[in-house]
Amino acid sequence: MTICIDEVIELLRAELGNAGPVERRQIESELELALAEREIIEAEQDGRIDVEPPF
C-alpha cells in the first residue's frame, strides 16, 4: 500500500490536534518536510525546476 504526499500531510495535520508539546514539535517538523516535498513534486511536474543533474 502506498500513501500519496497529500494523505501524509492530512494525517500529520490530524495528529497535531491530539499531540502534547514535545510530540507537537516533532509532528510540525515532519509536516514542514512533507509540505516542502509536495512543493518540489509539483514544481517538477509543472516544469518550474529541472530534475536532471546539470552535468
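Position 1 is the first residue of the sequence, and the numbers go up from there. Computed from heavy atoms alone, side chains included, the values below leave out hydrogens, waters and symmetry copies.
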Of all residues at least two apart in sequence or in a different chain, which pass the salt bridge (Lys or Arg N to Asp or Glu O under 4.0 Å) check with [X]?
| X | value |
| --- | --- |
| E32 | none |
| R25 | none |
| E28 | R24 |
| E39 | R48 |

Which pairs with one or both residues in residues 11-20 pass salt bridge (Lys or Arg N to Asp or Glu O under 4.0 Å), sequence neighbours excluded?
E10-R13
Distance, nearest 0.5 Å, that separates CG of L16 from CG of L31:
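The CG atom of L31 is 6.0 Å from CG of L16, to the nearest 0.5 Å.
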How far apart are the closest heavy atoms of A34 and L12, and which atoms are they?
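In this case the closest contact between A34 and L12 is CB-CD1, 4.2 Å.
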Heavy-atom closest pair (N18 atom, E23 atom, distance to 0.1 Å) is O-OE1, 4.5 Å
Please identify each residue that fulfils side chain to side chain donor-acceptor pair (under 3.5 Å) with D50, with sequence neighbours left out.
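D50: no side chain to side chain donor-acceptor pair (under 3.5 Å) contacts found.
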Are I41 and E37 side-chain neighbours, meaning at least one heavy-atom pair lies under 4.5 Å?
yes
Is there a path of hydrophobic side-chain contacts, each under 4.5 Å between heavy atoms of I/L/V/M/F/W/Y residues, joining L35 to I27?
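Shared cluster, yes.
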